[in-house]
Amino acid sequence: MAIHPTAIISPQAELDPSVEVGPNVVIETGVKIGARTRIWANAYIATGTELGCDNEVHMGAVLGHEPQDLGFKRETRSFLKVGDRNVFREYCNVHRGTQPESATIIGHDNYLMATSHVGHNSVIGNNVILCNCALVAGHVHVGDRAFISGGVVIHQFMQVGRLAMLSGNSRVSMDVPPFLLAAERNEIHAINIVGLKRADFSASAIAEIKKLFKLFYRSSQNFSEALAQADQFTTPEAKEFLDFVRGSPNGICPPARN
């Protein structure tokens with residue numbers, strides 16, 4: 001194990017022998033870190049944090065610190081649980097859960113760019129990209145392969161569907177359905193067609209997503225009327241979109257105003 005002599009590591013932390021720890025890193029009691037993880041200088045890994053294998057924690061990143069919640073009690077035991085092959089770039093921060101025994105969850109293969117923030121009790125799926133200065137508030141769910149551009153602000157308790165894309169500086173206080181592109185404030189502008197092709201979606205799946213987009217966002221029907229026509233769609237991807245709309249607790253973003 002390569003540990004810089006200036007690192008401060010609790011004897012009660014559990015580190016795989018292959019973990020690398022840089023200068024001035026702080027690792028608190030109860031932290032667990034998996035194989036081949038590398039932690040750069042000045043990073044801070046707080047109690048209750050569990051990191052899987054092959055993660056990268058860059059300079060100044062803070063993982064698992066106390067949530068920014070006025071109701072949080074310091075004696076509460078809560079967690080940050082991180083999967084494998086995630087990258088946390090400079091000065092990003094991810095907070096642990098706020099309720100007793102609750103957790104913030106980060107899946108696998110995510111890339112959190114510099115100064116991005118994930119609030120308490122959020123769930124980030126797999127292959128998600130959070131660009132610089134993106135802010136994800138508490139209790140937000142972000143689906144697999146979503147792309148959250150720079151400066152995006154997502155309100156607490158919102159949901160972002162799989163392969164959705166949020167344009168730079170977007171403000172989101174409603175749910176963003178899968179496969180779509182959101183911009184400005186709660187506006188759906190288009191299909192994330194580039195993302196769908198990169199994800200190797202079939203031609204039939206893309207065709208049905210295009211029909212759904214026209215039905216929900218380019219027709220005169222309201223969302224309830226559009227849902228009444230769900231029987232015409234057969235692909236799993238179309239059903240995923242429809243299930244998201246039906247299950248949305250916050251309402252889905254409406255069409256762009258212009």
- request: Return the minimal non-hydrogen interatomic distance between Ala230 and Arg246, and the atom names on each side.
  value: CB-NH2, 3.3 Å
- line: Tightest non-hydrogen contact, residues Phe223 and Cys253, listed as CZ-O, 4.0 Å
- line: Members sharing Trp40's hydrophobic cluster, built from side-chain contacts under 4.5 Å between Ile, Leu, Val, Met, Phe, Trp and Tyr, are Met59
- request: Assess whether side-chain hydrogen bond (donor to acceptor under 3.5 Å, both in side chains) is satisfied between Thr104 and Asn121, documenting all intermediate values.
  value: CA-CA 4 Å; Thr104 303; Asn121 299 97; 5.4 Å; no
message: Return the NE2 to CD1 distance between His58 and Ile39, rounded to the nearest 0.5 Å.
response: 11.5 Å
Shared hydrophobic cluster for Met165 and Val194 (ILVMFWY, side-chain gaps under 4.5 Å): no
Asn126 to Asn110 - nearest heavy-atom pair and separation: C-OD1, 3.4 Å
field: Derivation and outcome, side chain to side chain contact (heavy atoms under 4.5 Å, CB included), residues Asp84 and Asp54
entry: CA-CA 6 Å; Asp84 302 330; Asp54 300 294; 5.5 Å; no
message: Let me check something: do Val21 and Val62 share a hydrophobic cluster, defined by ILVMFWY side-chain heavy atoms less than 4.5 Å apart, either directly or through other members?
response: no
message: Can you confirm whether Val57 sits close enough to Ile45 that some side-chain heavy atom of one is under 4.5 Å from a side-chain heavy atom of the other?
response: yes
query: With the 4.5 Å side-chain cut-off for hydrophobic clustering, are Leu215 and Leu242 part of the same group?
result: yes
Please list every donor-acceptor pair under 3.5 Å in which a side-chain atom of residues 174-185 meets a protein atom from a residue at least two apart or in another chain.
| residue | atom | partner | partner atom | Å |
| --- | --- | --- | --- | --- |
| Asp175 | OD1 | Gln159 | N | 2.8 |
| Asp175 | OD1 | Asn250 | ND2 | 2.8 |
| Asp175 | OD2 | Ser248 | OG | 2.6 |
| Asp175 | OD2 | Asn250 | ND2 | 3.3 |

message: Among residues at least two apart in sequence or on other chains, which ones pass side-chain hydrogen bond (donor to acceptor under 3.5 Å, both in side chains) with Glu225?
response: none
- line: In this structure, CD of Gln99 is separated from CZ of Phe72 (nearest 0.5 Å) by 10.0 Å
message: Please determine whether side chain to side chain contact (heavy atoms under 4.5 Å, CB included) holds for the pair Arg38 and Val19, giving the CA-CA distance in whole Å, both sets of side-chain angles, and the decisive distance to 0.1 Å.
response: CA-CA 6 Å; Arg38 184 178 180 187; Val19 171; over 6 Å; no
Nearest heavy atoms of Gly22 and Ala7, plus distance in Å: O-CB, 3.8 Å
- request: Identify, with sequence neighbours excluded, every residue that meets side-chain hydrogen bond (donor to acceptor under 3.5 Å, both in side chains) alongside Asp109.
  value: Arg85
task: Working to the nearest 0.5 Å, report the span between CG of Leu130 and NE2 of His117.
output: 10.5 Å
query: Linking Ile, Leu, Val, Met, Phe, Trp and Tyr through side-chain heavy atoms less than 4.5 Å apart, which residues share a cluster with Leu135?
result: Val153
field: Asn132 and Thr115: side chain donor to acceptor below 3.5 Å
entry: no
field: Any donor-acceptor N/O pair, Ser18 side chain to Arg36 backbone, under 3.5 Å
entry: yes
statement: Applying ring-ring contact (aromatic ring centres under 6.0 Å, His included) to Phe147 and not counting sequence neighbours gives none
query: What is the minimum heavy-atom distance between Ile27 and Ala13, and which atoms define it?
result: CG2-CB, 3.9 Å
query: Does any N or O in the side chain of Glu28 come within less than 3.5 Å of the main-chain N or O of Thr47, such that one atom is a donor and the other an acceptor?
result: yes
message: Holding to ring-ring contact (aromatic ring centres under 6.0 Å, His included), I want the full list of residues that pass it with His189, two or more places apart in sequence or in another chain.
response: none
Short side-chain donor-acceptor distance under 3.5 Å, Asn186 and Ser173: yes
message: Going by salt bridge (charged side-chain N to carboxylate O under 4.0 Å, His left out), name the pairs with one or both residues in residues 191-208, residues two or more places apart or in two chains.
response: none
- request: Could you walk me through whether Phe79 and Thr49 pass the side chain to side chain contact (heavy atoms under 4.5 Å, CB included) test, one step at a time?
  value: CA-CA 6 Å; Phe79 305 96; Thr49 301; over 6 Å; no
- prompt: Any idea which heavy atoms bring Ser122 and Ala137 closest together, and the distance?
  reply: OG-O, 2.7 Å
query: Would you say the side chain of Phe216 lies within less than 4.5 Å of the side chain of Phe241, judging by non-hydrogen atoms?
result: yes
query: With a 4.5 Å limit on heavy-atom distance, are the side chains of Ile154 and Leu166 in contact?
result: yes
- prompt: Is the Lys NZ or Arg CZ of Lys210 less than 6.0 Å from the centre of Phe213's six-membered ring, within 45° of the axis?
  reply: no
message: Just verifying a value: how many Å separate Leu80 CG and Ile105 CD1, rounded to the nearest 0.5 Å?
response: 9.5 Å
message: Any heavy-atom pair between the side chains of Ile124 and Leu112 that's under 4.5 Å?
response: no
- request: Return each pair, listed once, that meets side-chain hydrogen bond (donor to acceptor under 3.5 Å, both in side chains) where at least one residue sits in residues 136-157; pairs must be two or more places apart or across chains.
  value: none
message: Please tell me whether Tyr111 and Phe88 form a close aromatic pair, meaning their ring centres lie under 6.0 Å apart.
response: no
field: Close side-chain approach of Ile148 to Ile129, heavy-atom, < 4.5 Å
entry: no
message: Is it true that Ser202 and Ser204 share a donor-acceptor pair across their side chains at a distance under 3.5 Å?
response: yes
message: Quick check: is Val160 connected to Val245 through a chain of hydrophobic side chains (ILVMFWY, heavy atoms under 4.5 Å apart)?
response: yes
field: Single-linkage hydrophobic cluster, 4.5 Å side-chain cutoff, Val31 and Ile8 together
entry: no
message: Among residues at least two apart in sequence or on other chains, which ones pass side-chain hydrogen bond (donor to acceptor under 3.5 Å, both in side chains) with Asn55?
response: Asn86
message: When you compare the side chain of Thr37 with that of Asp16, does any pair of heavy atoms fall below 4.5 Å?
response: no
query: Taking the side chain as C-beta and beyond, is there a heavy-atom pair between Asn93 and His95 under 4.5 Å?
result: yes
query: Taking side chain as C-beta onward, heavy atoms only, is Arg162 less than 4.5 Å from Glu240?
result: yes
- prompt: How many angstroms lie between CZ in Arg96 and OG1 in Thr76, if you round to the nearest 0.5 Å?
  reply: 8.5 Å
query: How many angstroms lie between atom CZ of Arg218 and atom CD1 of Ile188, to the nearest 0.5 angstrom?
result: 10.0 Å
query: Taking only residues at least two apart or on different chains, which pairs with a member in residues 3-14 satisfy side-chain hydrogen bond (donor to acceptor under 3.5 Å, both in side chains)?
result: His4-Thr6, Ser10-Gln12, Ser10-Thr29
statement: Residues passing the ring-ring contact (aromatic ring centres under 6.0 Å, His included) test with Tyr91, sequence neighbours excluded, are none
